[in-house]
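Reviewing the structure listed below.
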Amino acid sequence: MDTKTLMQWSESYLMDTYARYPLCLVRGEGVRVWDSDGKEYLDFTGGLVVLALGHCHPRVVGTIQEQAATLIQTSNFFHNPPAIQLAKLLAEHSFADRIFLSNSGAEANEAALKLVRKYAKETFSSDRYDIIATRNSFHGRTLATVTATGQEKYQHGFEPLMPGFKHVPYNDLQAMERSIDSRTAAVLVEPIQGEGGVVVPDDGYLPGLRKLCDESGALLILDEIQTGMGRTGALWAYQHSGIEPDIMTVAKALANGIPIGATLATERVAAAFTRGSHGTTFGGNPFAAAVAIATLTTLLEDRLSERAARMGRLLLGKLEALKPSHPVVREVRGKGLLIGIELTRPVAPVVTACREQGLLVLTAGENVVRLAPPLIVEDAHVERAVAILTSALGRLAP
Ligand SMILES: *Cc1c(COP(=O)(O)O)cnc(C)c1O
């Protein structure tokens, strides 16, 4: 199939919900991908912060082949070994005691929101269901999660939104304190805002939220869908902060590209979900669960969190060094291999120039280039990416 025909069919048959770049990716290996014309790219999008182990990691591919030939789907009317083993593995490597498995980030957050409502209903006698989220957050595209998302552009046209959601500025403990009251069931935040611009809060922010929640009886939900799985230099971003949430949601990198979501909770909170409370047809299927086990095990055995921290420092340092000679760069920030380069102007031309020179990058809002390469990224990839970015920034008119 030639590229032009593919593009035409894409325009004709797919719902027009994405502003896609004019290229069609057909193959990947490690940090590299190839388009339908055979052009090679360095993939610093990581499939939208998904491919922690890179494209087609041999262990992931091997597990996919083996599990596909063994058992793909059972339904939750039966036990299956990979789902059980995955839940145990997640519990052993986090604060959590119990896990609900689903198929995407939005679904993991949806389960968290339902769990909070049920927990609050059973714990407090008064009506207590408010969720306080933050402005500029991103929590997904279902009706409840788009309501939780603090960005109007994602909500526009879908009103009426869900009742029971409030938004306060991110990284602002005073605003949160003023907003929490006896109706607050939970606070929902990302440890670092991803889509919202790679916004890293002050060190005291998560501990401060923990304290406010403890004082008021509200639960703390951390959305680690983007920050989890080693991305920020720790397996979970909350581990940098010294506190633990009551609920955490994970998805994106969990099965290195096979759709999956997970809602993790403490025993006390998870107890609100009883038989029949919640469900999903594909959730916990042996196929996705087996791939998640392979991904998480590889991540732990190969110490990829530490690698993310080291490579992130290298990349951040090189980008910082561009600032003096490129006044268009307002700020470089991030943690581990989740990095934002904020410009004084829209980044679209930089993204295009990078792509033309063989580097795929993400954006996070209008003015931020977001980098999220696979955690297996090597020095040479970082060198090349920075060289391309430097050239792309240099092409901008001052
Ligand atoms: C991507 C993302 C989601 C939504 O995940 P989907 O799998 O697209 O539904 C939710 N929260 C955060 C922080 C994300 O980055």
Side-chain angles (χ1 to χ4, degrees), residues 15 17-18 20 45-52 100-116 131-151 153-155 158 162 165 167 170-171 186-201 205-206 209 220-232 234 236-238 245 247-264 280 282-285 288 291-292 295 334-340 361-365 368 370-373:
M15 285 204 196
T17 49
Y18 297 101
R20 291 188 172 87
T45 74
L48 228 178
V49 206
V50 166
L51 301 161
F100 182 86
L101 293 171
S102 57
N103 311 286
S104 70
E107 217 188 324
N109 279 340
E110 189 82 29
L113 296 170
K114 283 180 73 179
L115 179 59
V116 162
I131 306 283
I132 307 180
T134 58
R135 298 211 184 116
N136 245 0
S137 58
F138 185 82
H139 298 295
R141 302 296 204 109
T142 64
L143 205 43
T145 58
V146 91
T147 305
T149 293
Q151 301 189 59
K153 68 177 179 193
Y154 294 116
Q155 302 170 334
F158 301 113
M162 295 273 299
F165 287 82
H167 292 92
Y170 189 66
N171 194 25
V187 167
L188 166 63
V189 298
E190 299 155 85
I192 294 173
Q193 285 189 333
E195 310 287 322
V198 191
V199 182
V200 185
Y205 187 55
L206 292 186
L209 291 180
L220 179 60
I221 314 171
L222 291 182
D223 178 342
E224 292 238 22
I225 289 165
Q226 186 154 161
T227 53
M229 297 294 286
R231 176 57 53 187
T232 70
W236 315 114
Y238 77 78
I247 300 175
M248 172 171 81
T249 52
V250 183
K252 288 195 161 81
L254 181 53
N256 207 57
I258 298 302
I260 191 167
T263 307
L264 288 70
T280 172
F282 294 128
N285 72 77
V291 184
T295 304
K335 218 178 178 92
L337 284 169
L338 184 59
I339 293 176
V361 297
L362 292 164
T363 60
V368 179
R370 180 173 33 152
L371 304 178

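Position 1 is the first residue of the sequence; numbering continues from there. Whatever order the structure lists them in is the order used to number ligands and atoms, beginning at 1.
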For Thr263, side-chain hydrogen bond (donor to acceptor under 3.5 Å, both in side chains) partners two or more places apart: none
In chain order, what residues pass the side-chain hydrogen bond (donor to acceptor under 3.5 Å, both in side chains) check against Thr134, with sequence neighbours excluded? Gln193
Would you say that Tyr238 contacts Leu220 through its side chain, given a criterion of any heavy-atom pair below 4.5 Å between the two side chains? no
Applying salt bridge (Lys or Arg N to Asp or Glu O under 4.0 Å) as the test, list every pair that has at least one member in residues 191-200; sequence neighbours left out. Glu195-Arg370
How about OH on Tyr154, more than 12 heavy atoms from neighbouring residues, nucleotides or ligands closer than 6.0 Å, or not? yes
Every residue of the protein that comes under 4.0 Å of ligand 1, judged on heavy atoms: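 Within 4.0 Å of ligand 1, protein side: Ser104, Gly105, Ala106, Asn109, Phe138, His139, Gly140, Glu190, Asp223, Ile225, Gln226, Lys252.
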Verdict with reasoning, Val116 to Ile247, per side-chain contact (heavy atoms from CB on, under 4.5 Å): CA-CA 9 Å; Val116 162; Ile247 300 175; 3.6 Å; yes
